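Take a look at the structure below.
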Amino acid sequence: MPWLINEDRAVKAKLQGLTVTDVNAPDGRAVAVRYRVPESELAQQTFPLIVIEHAGIDKADEREHRGYVHLPYAPEGADKWWNPDDPSYDVTKSPYIVEFPIPYDLRYRIVVFSRTYWHDMALAAALAQHDRIPSRFGFLTIPEDGTVRRLDLLGGPELVDTRDEDGKRLFRREYLISVSSEMLPAMATHYAQAQSVALDFEYYLEDVTEPQTPGH
């Protein structure tokens, strides 16, 4: 269960597929998406460009519980036990009984670089849509385990007019987001559910004799 890796992949996938247009690319110019690490000089990049940075991993104490729970999804690599389209979905039917996972908030800093003001504004509008980085009701789909996580916009979009290493103008727009996550125990125990219960009292009845009257 590659915790954190799946979330990283999902954040990158959520930002991919954007395009901008200009005189030199009337049919659309693809917007590259990459993580800050490994680093490279901005002057060597093509723009527009979206760069993702890790901004913290915080335990979410307000979401923590103790005890055991029916895991409402199948851990990555395990057999799925439900049909998402089935209206009779019942979490108590989950065969995976685990200690409550440890909740975390994963923070990411997303920086959008553009050479022109028009590209910057076009990307700001695109990223504000409900399926990208909206100001409310944001979500992040994790295909590996079939879950949909909460995505919150904590800061931004803040615009800064800056320069690259060669002194060329760059528009930099920055976002700070938080993604809900949870760390599962080392192993999610799969308990086989009983299909039926048969009671045969023959094995539990003892010979019962009538009590003897004193003196007999």
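Just so it is clear, the model here is predicted, and its values are computed rather than measured.
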Next on the checklist: Other residues, nucleotides and ligands only: do more than 12 of their heavy atoms fall within 6.0 Å of NZ on Lys168?
Outcome noted: no
Please confirm whether the backbone N or O of [Y] pairs with a side-chain atom of [X], one donor and one acceptor, at under 3.5 Å?
X	Y	result
Ser180	Arg150	yes
Arg115	Arg169	yes
Glu7	Leu4	yes
Lys14	Phe139	yes
Lys12	Arg34	no

Report the distance from atom [atom1] of [X] to atom [atom2] of [Y], rounding to the nearest 0.5 Å.
X	Y	atom1	atom2	answer
Leu176	Glu53	CG	CD	10.5 Å
Asp105	Asp58	CG	CG	6.5 Å
Leu71	Asp145	CG	CG	8.5 Å
Thr141	Asn6	OG1	CG	12.5 Å
His54	Tyr35	NE2	OH	5.0 Å
Ile50	Ser114	CD1	OG	8.5 Å

Is there a path of hydrophobic side-chain contacts, each under 4.5 Å between heavy atoms of I/L/V/M/F/W/Y residues, joining [Y] to [X]?
X	Y	result
Leu127	Phe171	no
Leu151	Ile142	yes
Ile110	Met121	no
Val11	Leu123	yes
Tyr96	Phe100	yes

Item to check | Audit row: Arg9, Glu144, side-chain contact (heavy atoms from CB on, under 4.5 Å) steps and yes/no | outcome: CA-CA 10 Å; Arg9 290 173 179 165; Glu144 286 81 2; 3.8 Å; yes
Item to check | Worked check of side-chain contact (heavy atoms from CB on, under 4.5 Å) between Val51 and Phe113 | outcome: CA-CA 8 Å; Val51 176; Phe113 294 97; 3.8 Å; yes
Checklist entry - Among Thr21, Thr19, Thr46, Asp22, which residue meets the side chain to side chain donor-acceptor pair (under 3.5 Å) test with Arg29? => result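 One option only clears the test, and that one is Asp22.
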Checklist entry - Does Arg66 have any salt bridge (Lys or Arg N to Asp or Glu O under 4.0 Å) partners at least two apart in sequence or in another chain, and if so, which? => result Glu64
Would you say [X] and [Y] make side-chain contact, with heavy atoms under 4.5 Å?
X	Y	value
His130	Phe137	no
Thr116	Phe47	no
Val98	Val69	yes
Val112	Tyr175	yes

Checklist entry - Does Glu182 come within less than 4.0 Å of Arg63, counting only side-chain N to carboxylate O? => result no
Next on the checklist: Using every non-hydrogen atom in the two residues, find where Ser135 and Leu153 come nearest and quote the distance to one decimal.
Outcome noted: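 Heavy atoms only, the tightest pair is CA-CD2, 4.1 Å.
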